[in-house]
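Scroll down for the structure; my scribbles are underneath it.
This chain uses plain numbering: 1 for the first residue, then up along the sequence. As a basis for the values below, the full set of heavy atoms in this structure was taken, side chains included, without hydrogen atoms, waters or symmetry mates. Whatever order the structure lists them in is the order used to number ligands and atoms, beginning at 1.
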Amino acid sequence: MYLVTGATGNIGAELVRTLAEAGEAVRALVRDPAVELPAGAEAVTGDLNEPASLRPALAGATGVFLLPGYRDMPGLLGEARAVGVQRVVLLSGGSAGSGDLTNAVSAYMIRSEEAVRDSGLPATILRPSGFMSNTLRWLPQLRAGDVVRDAFPNVAVAMIDPADIAAVAAVALTTAGHDGQVYRLTGPQPLRPAARVRILAEVLGRPLRFEGQSDDEARVEMSQAMPAEYVDAFFRFYADGELDESPVLPTVEQVTGRPPRTFAQWARAHTSAFS
Ligand SMILES: NC(=O)c1ccc[n+]([C@@H]2O[C@H](COP(=O)([O-])OP(=O)(O)OC[C@H]3O[C@@H](n4cnc5c(N)ncnc54)[C@H](OP(=O)(O)O)[C@@H]3O)[C@@H](O)[C@H]2O)c1
């Protein structure tokens, strides 16, 4: 039985569906027990910041898909070990490869990876590039009109569909040969925000236009949405160029046997979110 944390999120929901459709026994960690899940998936409540609260969810689990960055990652892994979990797939991020603990975003990924390694449990670490689903952050602007404004207009990212991350996670959880691997995962093409807006305009049939924010504007807006240390982290990544997520890597296809989805495919699969 597989426990999927973040089961209502962009990756977790896809992973629960993928495992359930494959006929695997799957348990979804949720905070709201009333949440709707795919047929065959069982909901269990728990708080990732409280490792002991995961005991009911972990009971009987052989594999766990784990999100990073919660308060006591060694404690979570300890609970998993104690019930006999045999395999963990950890979601991390591309910047963890820097080893830079002075960057707050990299630091929580690095510490989560360390907790997994220190647990001694067989594990696969996934380091995806930026998610295509970050585009959903444009929804308020798209409801208000046809102009999308965003930060870092000159930064191209080989964004990945969360469904592809979930597909890799499903393979790593359910088949042998992936324990001990660290997979850098990307989508099939590097895209600047203006290119994403152009593709979204075609898919939605709307005359959308992109306007890049200045770094000063972006800093003010981001400061309203996240703690200052994360704003600094993203400025170091994208304004100072410390993280290059533009290279396209073959990993998704190597692991899943099919190429990663394009941004147009992601947009077509999510048109209802934009209506
Ligand atoms: N966005 C990117 O470009 C990017 C790139 C690389 C890595 N990442 C990493 O990806 C992760 C986010 O993945 P995602 O997009 O799938 O996230 P998401 O869609 O925002 O989902 C987060 C999930 O975690 C659950 N959750 C949050 N706090 C919890 C808690 N205390 N206990 C139990 N469950 C909790 C949420 O449940 P509720 O429904 O109850 O809120 C939700 O299911 C982050 O860790 C981020 O660092 C993101």
Numbering the atoms of ligand 1 from 1, which are under 4.0 Å from a heavy atom of [X]?
X	value
L67	23 (C), 24 (O)
S92	6 (C), 7 (C)
S129	5 (C)
I11	16 (O)
G130	3 (O)
G46	32 (N), 33 (C)

If you measure every N or O of [X] against every N or O of ligand 1, does any of those distances drop under 3.5 Å?
X	answer
N10	yes
L29	no
T8	yes
M109	no

Considering only non-hydrogen protein atoms, determine which one is nearest to [atom] and report residue, atom name and distance to 0.1 Å.
atom	result
atom 18 (P) of ligand 1	G9 CA, 3.8 Å
atom 10 (O) of ligand 1	L91 CD2, 3.1 Å
atom 23 (C) of ligand 1	G6 CA, 3.5 Å

With a heavy-atom distance limit of 4.0 Å, tell me whether [X] approaches ligand 1 through its side chain, its backbone, both, or neither.
X	value
D47	both
A7	backbone
A13	neither
N134	side chain
S133	neither
V35	neither

List the steps, then state whether salt bridge (Lys or Arg N to Asp or Glu O under 4.0 Å) holds for D150 with R137. CA-CA 10 Å; D150 207 348; R137 295 179 194 152; over 6 Å; no

Give a yes or no on this: more than 12 heavy atoms of other residues, nucleotides or ligands lie within 6.0 Å of atom CD of Q254.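 Yes - once you tally the heavy atoms of other residues, nucleotides and ligands closer than 6.0 Å, there are more than 12.
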
Inspect the surroundings of CZ in R209 and state if more than 12 heavy atoms from other residues, nucleotides or ligands are less than 6.0 Å away.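 No - once you tally the heavy atoms of other residues, nucleotides and ligands closer than 6.0 Å, there are 12 at most.
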
Distance under 6.0 Å and angle within 45° of ring axis: R219 vs F235: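 Cation-pi check for R219 and F235: passes.
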
Is there a donor-acceptor contact under 3.5 Å linking the side chains of [X] and [Y]?
X	Y	answer
S214	D216	no
T45	R31	no
R236	T102	yes
T124	Q181	no

Answer yes or no for atom 40 (O) of ligand 1: protein heavy atom present at a distance under 4.0 Å?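 True for atom 40 (O) of ligand 1.
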
May I ask whether V4 and V35 are part of the same hydrophobic cluster, defined by side-chain heavy atoms of I, L, V, M, F, W, Y residues being less than 4.5 angstrom apart, directly or through others?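 Hydrophobic grouping puts V4 apart from V35.
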
Between the side chain of N49 and the main-chain N/O of R71, is any donor-acceptor distance below 3.5 Å?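 Flag set: sc N49 to bb R71 pair under 3.5 Å.
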
For P188 against M159, the heavy-atom pair lying closest together: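 Heavy atoms of P188 and M159 come nearest at CD-O, 4.3 Å.
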
Which heavy atom in A172 sits nearest to a heavy atom in V89, and how many Å separate them?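 Heavy-atom minimum between the residues: CB-CG2, 3.8 Å.
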
Give the single entry among Y108, Y70, F131 that approaches atom 46 (C) of ligand 1 most closely by any heavy atom.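 Nearest heavy atom to atom 46 (C) of ligand 1 lies in Y108.
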
Counting heavy atoms only, name the option from I165, N49, L48 that's nearest to atom 33 (C) of ligand 1.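 Considering heavy atoms of I165, N49, L48, the nearest to atom 33 (C) of ligand 1 sits in L48.
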
Look at ligand 1 and say whether G94 reaches it with a heavy atom at a distance under 4.0 Å.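 No, G94 has no heavy atom closer than 4.0 Å to ligand 1.
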
Which residues share a side-chain contact (heavy atoms from CB on, under 4.5 Å) with S272, sequence neighbours left out: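 With sequence neighbours excluded, S272 shows a side-chain contact (heavy atoms from CB on, under 4.5 Å) to no residue whatsoever.
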
